[in-house]
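Both counts, for ligands and for their atoms, begin at 1 and track the order of listing. Keep in mind that this is a model prediction, so the values were computed, not measured.
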Amino acid sequence: MSVTILTETRSTGTEVAFQQCINPVCGTTVSIDRAIFECPKCGDLLDVVYDWDRAEVPDNLRWFERKWSNRNDPADFSGVWRFRELLPFVSKDRVVTIGEGQTLLQRSDAVASYVGVSPGCLQLQYEGMNPSGSFKDNGMAAAFTHARMVGAKRVACASTGNTSASLAVFCSSTTYGFKAIIFIGSGKIAYGKLSQALDHGALTIQIVGDFDDALERVRQVADRLGIYLMNSVNPFRLEGQKTIMYRILEANGWEVPDWIVVPGGNLGNSSSFGKAFIEMKHLGLIDRVPRLAIINAAGAHTLDQLVSHHGLTWRNGLPNPDVIRDYYHHLDVEHLKADTIASAIEINRPVNLKKCLRALDFCDGVVREVHDQEILDAKARVGAGGLGCEPASAASVAGAKLLREQGVIAAGDRVVCILTGHQLKDPTVTVAYHSADQEQFEKVLGSRGVRRAGFANRPVVVPNELESIIRTIGLYATPESAES
Ligand code: F0G
C-alpha cells in the first residue's frame, strides 16, 4: 500500500472509487456513476470501495487539523467533507453540504455514574446538533452528493422520521432542484419529525403499515419511476456516516476509545462505523480498534436474536442464509411486527444486516436489547446530565448500563454512546414520562409496557400567588440542591 501526503491545494477525484458487491463469492463491481443500490448479479448489498493505492490519503489523522483554520470554506467547515480524503468518491468542487456535522462529544459524569463507569469515562456523541437534528445529515451529505453526480432530481426514502426530515431539509436548503418524496407508516412517526417533513415541503406519502412495509414499497416505486433512493441501503449514505467516528477520534486528540455504543435500527450506522475502522486500520491511521456494542429495542430485536441467540456471524462474508431466512419466516408466520416506544428503531428487517455483521466481526462487537422502560429511564438521565436526546438514542446509554452490569464493559473503560437524535424530536414521549397526568402516562407509555417514571421531574402546580411560589422555590430549589 502506498499513501501520499496531500498538499493543501489538491483534491481527490472519483477515479479511485467504485462499487462492489459485499458477497466475496460474487464480488461484482459497479461504476461509481450508477445508482442501483443492489448487486446487479446477485442482489446483495453494495459497498463503496476505494483503490487506496491510488488515492491521496494523509499518513496520519492529525493532518486533518489544518482544515480547522479554514472554516469559511464550506467543504472544510462541514463535519463530513473536512474528512473527504477518507471518502474520496467525489472532487471537492462537487460536494453537497448544508453545514452538517458540527457536533459535540460531551463528557458526562452524571451519565457515567448512571451507567456505572468511572468519572471521565463516559462521553456522549451528540448528533442532535446537525441541521435537521439527527445523525442522518452526515449520510445525506454524501448521498446527495452522489445524487448530484448522477444527475438525479427526484429523491425518495421510507422513514421512521429522521431520514425523511433530513432528506426534506437537504431538498429545501440546496439549489440543485431536488424534489423530496417520503414514505412513512401511519401513526409511526414522532411529531417533531413529521413537522419537519411538512414544513420543508416534502411530498409526504403515508401508508397503512410500518417502516418495513414502507421501505419495501419505496424500493418498488424508486425502481419503477427511476427515483433516487436515499435509504441506508444506498452505500453512499454510509460513507457520510463514517465521519461520526472520525469526529469522535478528533475530539479525543485522535485517541481511540474502548467502546462505541450505538442504537441499532436499519443498521446503517453500525455498518458504517465498522467500515470506518476497517479502512483506518488498513491505512495505518489507527493502531487499535474500539469494541462495538449495538443496542436493539426489545420490541425490535432482530439483530440481537440472530446474533446472540441464533449464532449468526459474518463468516468471511458468507453469513448463513438459512438462519436469516428462517427468522424472517418466523416473523411472517407469527405476524410479528416491530413494537417499541423508540419509534426511530422500530424496525424488524434491517437492510444492512450483513454489513453490520462485518462490523461486529471486525470490532469484536456485542449486541444487546433493552426494554422501553430502560430506554426511557436512560433518556431521563441523559436529559438530567447531558444535552438530551430522543428515545431511540437513549438505547445506547441503557445498553451501556446493561453491559456494565454484565461485566462486559469495565468500570475504567472509555465509553462513547452515540446520541443519534435531538431531544425535541419526540416531545410527546418526554412530556408523558415527566407528566403528573396518569391518563397521559398510560396512553402514551403504559400501552408499551412502561410501568414507572423513576426519574420523572414533575411539574409543580402552584397557585398564582407570590408567597406560595416563593415557598415552593424554597422547598424544591435550595442553593445547596442546585449545586449538588
Ligand atoms: N437513532 C435514531 C434517532 C434514528 O432515527 C435511527 C434510524 C436510528 C437510531 C437507527 O439507526 O438505522 O443506522 O441503525 N432512523 C431511520 C429513519 C430508520 O428512517 O429515520 P440505523
Side-chain angles (χ1 to χ4, degrees), residues 125-130 132-140 143 156-169 182-185 188-190 192-194 196-197 202 204 210-215 218 229-235 237-238 240-242 244-245 260-275 292-297 300-304 338 340-353 355-356 359-360 365 367 370 375 379 382 388-399 417-426 429:
Q125 171 65 14
Y126 187 49
E127 288 294 318
M129 287 173 78
N130 274 291
S132 81
S134 87
F135 73 91
K136 303 286 181 181
D137 296 349
N138 298 289
M140 286 297 169
C157 71
S159 184
T160 56
N162 281 326
T163 304
S164 50
S166 180
L167 180 143
V169 86
I182 66 168
F183 285 61
I184 56 174
K188 292 287 183 186
I189 166 169
K193 306 173 188 182
L194 180 59
Q196 289 178 286
T204 304
D210 62 9
F211 173 82
D212 296 313
D213 302 317
L215 182 56
V218 76
L229 187 63
M230 283 288 178
N231 281 99
S232 57
V233 66
N234 175 337
R237 278 269 313 275
L238 304 196
Q241 287 169 213
K242 290 189 310 192
I244 300 171
M245 294 301 103
I260 300 288
V261 191
V262 62
N266 225 2
L267 305 178
N269 258 342
S270 43
S271 299
S272 67
F273 298 172
K275 188 169 188 283
L292 184 65
I294 306 174
I295 314 300
N296 275 162
H301 61 180
T302 294
L303 184 69
D304 189 39
T340 168
I341 194 80
S343 57
I345 51 174
E346 194 173 48
I347 296 170
N348 259 353
R349 292 169 191 269
V351 292
N352 289 300
L353 175 63
K355 286 184 179 177
C356 169
L360 286 167
V367 184
V370 289
I375 289 175
K379 180 175 126 45
V382 170
C389 64
E390 67 164 284
S393 312
S396 63
V397 172
C417 293
I418 313 296
L419 299 185
T420 45
H422 199 284
Q423 185 180 34
L424 298 179
K425 291 279 190 176
D426 194 349
V429 168

Any N or O of [X] that comes nearer than 3.5 Å to an N or O of ligand 1?
| X | answer |
| --- | --- |
| Leu267 | yes |
| Thr420 | yes |
| Gly265 | yes |
| Glu390 | no |
| Ala392 | no |
| Asn266 | yes |
| Thr163 | yes |
| Ser270 | no |

To the nearest 0.1 Å, how far is [atom] from its closest protein heavy atom, and which atom is that?
| atom | result |
| --- | --- |
| atom 5 (O) of ligand 1 | Asn162 ND2, 2.8 Å |
| atom 11 (O) of ligand 1 | Phe135 CZ, 3.6 Å |
| atom 15 (N) of ligand 1 | Lys136 NZ, 2.9 Å |
| atom 4 (C) of ligand 1 | Ala344 CB, 3.4 Å |

What I'd like to find out is whether the side chain of [X] reaches to under 4.5 Å of the side chain of [Y], using heavy atoms alone.
| X | Y | value |
| --- | --- | --- |
| Ile345 | Asn296 | no |
| Gln423 | Glu390 | no |
| Asp212 | Ile347 | yes |
| Leu267 | Lys355 | no |
| Ser343 | Thr160 | no |
| Ile189 | Ser159 | no |

Just jot down the ligand 1 atoms closer than 4.0 angstrom to any heavy atom of [X], in number order.
| X | result |
| --- | --- |
| Asn269 | 13 (O) |
| Gly264 | 14 (O) |
| Ile345 | 8 (C), 9 (C), 10 (C) |
| Ser159 | 17 (C), 19 (O), 20 (O) |
| Ile347 | 18 (C) |
| Gly268 | 12 (O), 13 (O), 14 (O), 21 (P) |

Sole candidate of Ser232, Ser272, Ser270 that passes side-chain hydrogen bond (donor to acceptor under 3.5 Å, both in side chains) when paired with Asn352 |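 Going through the options one by one, the only one that passes is Ser232.
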
Do you see a donor-acceptor pair shorter than 3.5 Å between the side chains of Gln196 and Lys425?
->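 A donor-acceptor contact under 3.5 Å links the two side chains.
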
[X] near ligand 1 by a heavy-atom separation under 4.0 Å:
| X | answer |
| --- | --- |
| Gly161 | yes |
| Ser134 | no |
| Val262 | no |

Nearest 0.5 Å please: distance from the CZ atom of Phe135 over to the OG1 atom of Thr163.
->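 Answer rounded to 0.5 Å: 6.5 Å.
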
Can you see which heavy atom on Phe273 is nearest to which on Gln241, and at what distance?
->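 For Phe273 and Gln241, the tightest heavy-atom pair comes out as CE2-O, 3.7 Å.
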
Distance-minimising heavy-atom pair for Ala338 and Asn348 |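 Taking Ala338 first and Asn348 second, the nearest heavy atoms are N-ND2, 3.1 Å.
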
Take Lys136 and Arg237, measure what side chain to side chain contact (heavy atoms under 4.5 Å, CB included) needs, and give me the verdict at the end.
-> CA-CA 8 Å; Lys136 303 286 181 181; Arg237 278 269 313 275; 3.7 Å; yes

Worked verdict on His422 versus Tyr126 for side chain to side chain contact (heavy atoms under 4.5 Å, CB included) = CA-CA 8 Å; His422 199 284; Tyr126 187 49; 3.1 Å; yes

